[in-house]
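Counting starts at 1 for both ligands and their atoms, in listed order. For clarity, every value in this text was computed on a predicted model and none was experimentally measured.
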Amino acid sequence: MINSTTKLTCLLGSPVKQSLSPIIHNYLFRKYNINNIYTCFDVENIESAIKSIKTLNILGCNITIPHKVNVIDYLDFIDDNALLIGAVNTIKNEDNILKGYNTDGEGFVKSISDKGYLLKSKKVLVIGAGGASRSICVSLAKEGVHSIKIINRTISKAENLCETINSNFNTECSFSNKDILCKDLEEADIIINTTSIGMDSDLCPINTDIRVDKNLLVCDIVYKPHETTFIKWAKDNNLNVIYGIDMLINQAFESFFIWTGIKPDESDFLYIKSIYRN
Ligand code: NAP
């Protein structure tokens with residue numbers, strides 16, 4: 001029950017009305033008996049929104065588009081992972097010190113490892129070089145993947161991300177802005193769509209006429225629709241798939257852990273996934 005000691009956590013961004021985070025976090029706060037609520041604020045001025053975290057003694061926040069990068073300027077501490085990525089999606093207010101983290105990549109890695117797949121020494125093809133891709137590539141490199149090939153429309157962003165990976169990890173990173181060919185898929189163990197292609201549309205980041213006859217794990221981080229054209233293409237080729245909703249839930253669980261020290265379990269994951277699919 002909400003009372004005078006209820007604390008607040010929230011999402012800051014614009015737009016936020018499509019967010020699933022309130023469903024996930026309010027379920028977790030109730031389940032783990034924590035007197036906290038989660039809500040969303042559509043904010044344009046991130047600087048004043050961040051100041052209010054201290055004023056109102058808010059426990060923590062998630063940050064979404066378009067503030068994930070510029071929010072860094074207004075925090076007291078940024079953890080190494082978020083610094084390398086150059087973006088923050090989670091803030092914890094610890095005794096009026098605002099600490100910034102990025103849980104996207106860890107959430108993605110968990111969505112793969114929880115299904116029993118190993119990342120170490122794998123060859124990964126990543127489509128996209130935006131914010132989510134940066135977070136995912138850093139986490140993949142930390143897991144010791146053999147190589148990452150980044151394909152992105154804007155070559156400079158792919159090049160910049162590659163430089164971050166090559167100068168901080170042993171993983172070999174290369175980049176291109178060419179369309180994906182059969183040969184690229186033959187060389188890869190895992191392919192990940194990190195672009196927004198397929199979000200609320202039936203577009204696909206690769207040519208769906210390409211046929212694949214090998215073991216390839218196909219991951220889409222787009223979660224709306226649940227089954228994107230990319231995932232449908234993978235299933236038509238009898239390939240194993242990981243859905244975007246898995247990363248979405250797991251990155252939220254990582255944020256919840258940062259705020260509360262509690263790690264949600266598999267039953268929480270399955271429950272939230274079932275609500276989403278219904
Ligand atoms: P972002 O920073 O804006 O990056 C967007 C990426 O998509 C860039 O690589 C961009 O290429 C590419 N792109 C967009 N439209 C394109 C088009 N028409 N043709 C070719 N490439 C195109 O966004 P983000 O934060 O990384 O998010 C990307 C997607 O991931 C969104 O759909 C978001 O909802 C989803 N996401 C999911 C989760 C999850 O938990 N499942 C978490 C974060 C994000 P350019 O560099 O050439 O512009």
Side-chain angles (χ1 to χ4, degrees), residues 11-25 62-72 81-82 85-90 101-112 114-115 125-140 148-162 164 173 175-180 191-207 218-231 241-256 264 269 272-273 276-277:
L11 175 66
L12 305 176
S14 187
V16 291
K17 68 175 189 292
Q18 79 298 343
S19 174
L20 299 173
S21 297
I23 295 173
I24 301 175
H25 289 295
N62 288 127
I63 303 293
T64 190
I65 288 169
H67 304 307
K68 282 184 179 185
V69 174
N70 54 346
V71 74
I72 286 181
N81 186 51
I85 295 161
V88 159
N89 77 339
T90 303
Y101 303 86
N102 193 311
T103 65
D104 278 339
E106 287 164 51
F108 174 78
V109 161
K110 194 164 187 306
S111 71
I112 292 207
D114 278 358
K115 298 271 181 329
L125 183 61
V126 175
I127 316 171
S133 176
R134 288 193 67 84
S135 191
I136 287 171
C137 288
V138 165
S139 290
L140 290 173
I148 301 174
K149 180 167 182 183
I150 300 164
I151 312 267
N152 195 50
R153 177 179 62 179
T154 308
I155 195 81
S156 56
K157 282 206 229 162
E159 184 175 13
N160 184 288
L161 175 51
C162 246
T164 301
C173 195
F175 62 93
S176 159
N177 62 354
K178 303 247 168 20
D179 284 345
I180 292 165
I191 177 169
I192 309 162
N193 173 40
T194 72
T195 72
S196 45
I197 300 172
M199 186 88 175
D200 292 319
S201 84
D202 59 2
L203 297 176
C204 187
I206 70 167
N207 178 347
V218 177
C219 315
D220 201 340
I221 73 162
V222 170
Y223 53 86
K224 206 167 161 263
H226 178 60
E227 193 147 292
T228 58
T229 304
F230 187 48
I231 291 286
V241 299
I242 305 276
Y243 291 89
I245 185 67
D246 292 22
M247 170 178 167
L248 187 78
I249 297 171
N250 283 320
Q251 59 81 28
F253 282 11
E254 297 291 332
S255 298
F256 187 79
F269 180 90
I272 291 165
K273 197 163 166 174
Y276 171 74
R277 292 204 59 186

- Message: I'd like to know whether Asp104 forms a side chain to side chain contact (heavy atoms under 4.5 Å, CB included) with Ile221, so could you lay out the CA-CA distance, the side-chain angles of the two residues, the decisive distance to 0.1 Å, and finally the verdict.
- Response: CA-CA 10 Å; Asp104 278 339; Ile221 73 162; over 6 Å; no
- Task: Go through Lys273 and Asp246 one step at a time and tell me if the side chain to side chain contact (heavy atoms under 4.5 Å, CB included) criterion holds.
- Result: CA-CA 8 Å; Lys273 197 163 166 174; Asp246 292 22; 2.7 Å; yes
- Query: Yes or no on side chain to side chain contact (heavy atoms under 4.5 Å, CB included) for Ile127 and Ile197, after CA distance, side-chain angles and deciding distance?
  - Reply: CA-CA 10 Å; Ile127 316 171; Ile197 300 172; 6.0 Å; no
- Query: Run the side-chain hydrogen bond (donor to acceptor under 3.5 Å, both in side chains) check on Ser255 and Asn62 step by step: do they pass?
  - Reply: CA-CA 8 Å; Ser255 298; Asn62 288 127; 3.2 Å; yes
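Residue contacts with ligand 1: Thr195 is placed with no nitrogen or oxygen under 3.5 Å of a nitrogen or oxygen of the ligand (distance criterion only). For Ile221, a nitrogen or oxygen atom sits less than 3.5 Å from a nitrogen or oxygen atom of ligand 1, counting backbone and side chain alike. For Gly128, no nitrogen or oxygen atom sits less than 3.5 Å from a nitrogen or oxygen atom of ligand 1, counting backbone and side chain alike. An N or O contact shorter than 3.5 Å links Asn152 to ligand 1 by distance. Between Ile245 and ligand 1, not a single N/O pair is under 3.5 Å apart. Of the N or O atoms in Asp104, none lie within a sub-3.5 Å distance of an N or O in ligand 1. Considering backbone and side-chain atoms alike, Ala129 places an N or O below 3.5 Å from some N or O of ligand 1. Taking distance alone, with nitrogen or oxygen atoms compared against 3.5 Å, Met199 stays at or beyond that limit from ligand 1.
No side-chain N or O of Thr229 forms a donor-acceptor pair with one of Asp202 less than 3.5 Å apart. Under 3.5 Å, the side chains of Asn81 and Asn102 contain no donor-acceptor pair of N or O atoms.
Surrounding CG of Asp179 are at most 12 heavy atoms belonging to other residues, nucleotides or ligands under 6.0 Å away.
In this structure, atom 23 (O) of ligand 1 has no protein heavy-atom contact shorter than 4.0 Å. Atom 2 (O) of ligand 1 lies below 4.0 Å from at least one non-hydrogen atom of the protein. Protein heavy atoms are absent from the 4.0 Å sphere centred on atom 33 (C) of ligand 1.
For ligand 1, the atoms sitting less than 4.0 Å from at least one non-hydrogen atom of Lys157 are 45 (P), 46 (O), 48 (O), numbered in the order shown with element in parentheses. Annotation for ligand 1: atoms under 4.0 Å from non-hydrogen atoms of Ile197 are 16 (C), 17 (C), 19 (N), 20 (C), 21 (N). The atoms of ligand 1 that sit less than 4.0 Å from any heavy atom of Gly244 are 41 (N).
Distance check, rounded to the nearest 0.5 Å: SG of Cys137 to CD1 of Ile148 gives 4.5 Å. For the atom pair CG (Asp200) and NZ (Lys224), the distance works out to 4.0 Å, reported to the nearest 0.5 Å.
Contacts between Met247 and ligand 1 below 4.0 angstrom, taking non-hydrogen atoms only, involve backbone and side chain alike.
The shortest distance between side-chain heavy atoms of Glu254 and Lys110 falls below 4.5 Å. Contact of the Asp114 side chain with the Phe269 side chain is not registered, since no non-hydrogen atoms from C-beta on lie closer than 4.5 Å.
Nearest to atom 45 (P) of ligand 1 by heavy-atom distance, out of Thr154, Val222, Leu20, is Thr154.
Looking from atom 16 (C) of ligand 1 to the surrounding protein, the closest heavy atom is Arg153 NH1, 3.5 Å.
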